[in-house]
Amino acid sequence: MSKKRVFISFAMEDKALRDFLVGQAKNEKSPFEFVDMSVKKPWESAWKTNCRTKIKGCDGVIVIVTKNTKNADGQLWEVKCAKEESIPRRGIYGSSTDRPATLPKELEGTRVVNWTWDNIKNWIDTL
């Protein structure tokens, strides 16, 4: 069985959580590989075009959800893009203590679950 391509959407303040998820993906038993489009420069239209292409080439999008998500313009755009492209999305809470009180409107229709290996693997298995 080939690995699934999964786009990881995260707020830049949550880079350490993304790095942790990437570390999990490097495990030889991991069912996925990740695609990263972190914004390292100010927003450019080319970034959006390239990002959309990457998202369309993925089997799904994992959204790391924390209190930073509501202010993460790039992350919210990625979620909106995935929805527009009909790419399956799954939110995972970055931690039990850093959950937002409410979810941004861009996450409507996206199920958000606790970050556990079983939750991630089981969702990826459905892709």
Side-chain angles (χ1 to χ4, degrees):
M1 179 172 98
S2 63
K3 287 190 175 200
K4 302 292 184 177
R5 288 178 49 88
V6 177
F7 187 97
I8 301 173
S9 180
F10 64 99
M12 285 308 294
E13 297 84 356
D14 298 324
K15 185 176 180 297
L17 293 171
R18 187 278 318 254
D19 292 346
F20 182 69
L21 188 58
V22 169
Q24 284 184 314
K26 290 181 180 175
N27 180 320
E28 66 184 44
K29 293 183 181 179
S30 173
F32 68 98
E33 61 184 12
F34 79 100
V35 176
D36 182 19
M37 282 296 295
S38 304
V39 178
K40 297 181 177 54
K41 298 178 184 171
W43 277 72
E44 301 169 358
S45 61
W47 177 85
K48 283 187 175 182
T49 301
N50 292 336
C51 188
R52 183 174 296 274
T53 299
K54 294 278 188 184
I55 288 171
K56 285 168 59 172
C58 288
D59 299 296
V61 174
I62 288 181
V63 183
I64 298 176
V65 179
T66 69
K67 291 176 183 173
N68 297 317
T69 301
K70 69 177 183 254
N71 297 318
D73 293 341
Q75 180 182 26
L76 296 175
W77 183 88
E78 291 165 352
V79 173
K80 184 175 171 249
C81 175
K83 187 182 273 189
E84 291 170 357
E85 298 297 340
S86 300
I87 304 298
R89 300 160 316 281
R90 176 61 44 101
I92 56 173
Y93 288 113
S95 75
S96 59
T97 59
D98 193 24
R99 290 184 179 199
T102 59
L103 295 174
K105 67 177 176 22
E106 290 84 355
L107 285 167
E108 287 176 7
T110 301
R111 185 170 175 212
V112 183
V113 298
N114 291 326
W115 183 329
T116 68
W117 181 247
D118 283 342
N119 281 343
I120 293 168
K121 182 184 179 312
N122 290 340
W123 176 70
I124 290 171
D125 285 347
T126 69
L127 297 176

Determine whether Leu17 and Trp115 satisfy the following criterion, side-chain contact (heavy atoms from CB on, under 4.5 Å), listing intermediate values before the conclusion. CA-CA 10 Å; Leu17 293 171; Trp115 183 329; 3.9 Å; yes
key: Step-by-step salt bridge (charged side-chain N to carboxylate O under 4.0 Å, His left out) determination, Lys121 to Asp125   = CA-CA 6 Å; Lys121 182 184 179 312; Asp125 285 347; 2.8 Å; yes
Checking Lys48 against Arg52 for the side-chain contact (heavy atoms from CB on, under 4.5 Å) test, could you report, in this order, the C-alpha distance in whole Å, the side-chain angles of both residues, the deciding distance, and whether it holds?
CA-CA 6 Å; Lys48 283 187 175 182; Arg52 183 174 296 274; over 6 Å; no
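Interatomic distance, CZ of Arg89 versus NZ of Lys80, reported as 12.5 Å (0.5 Å rounding).
Contact check for Ile92 versus Asn119: no side-chain heavy atoms found under the 4.5 Å cut-off. Contact of the Tyr93 side chain with the Pro100 side chain is registered, since non-hydrogen atoms from C-beta on lie closer than 4.5 Å.
There is no path of hydrophobic side-chain contacts, each under 4.5 Å, that joins Trp47 to Leu76.
Under a 3.5 Å cut-off, the side chain of Gln75 and the backbone N or O of Ile64 do form a donor-acceptor pair. Looking only at distances, a side-chain donor or acceptor of Lys4 sits under 3.5 Å from a matching main-chain atom of Leu127. Side-chain atoms of Asp59 come within 3.5 Å of backbone atoms of Arg5 as a donor-acceptor pair (strictly under, hydrogens ignored).
Salt bridge absent: Glu106 and Lys83 never bring a charged side-chain N and a carboxylate O closer than 4.0 Å. Between Asp19 and Lys15 there is a salt bridge, since at least one side-chain N of the basic residue sits less than 4.0 Å from a carboxylate O of the acidic one.
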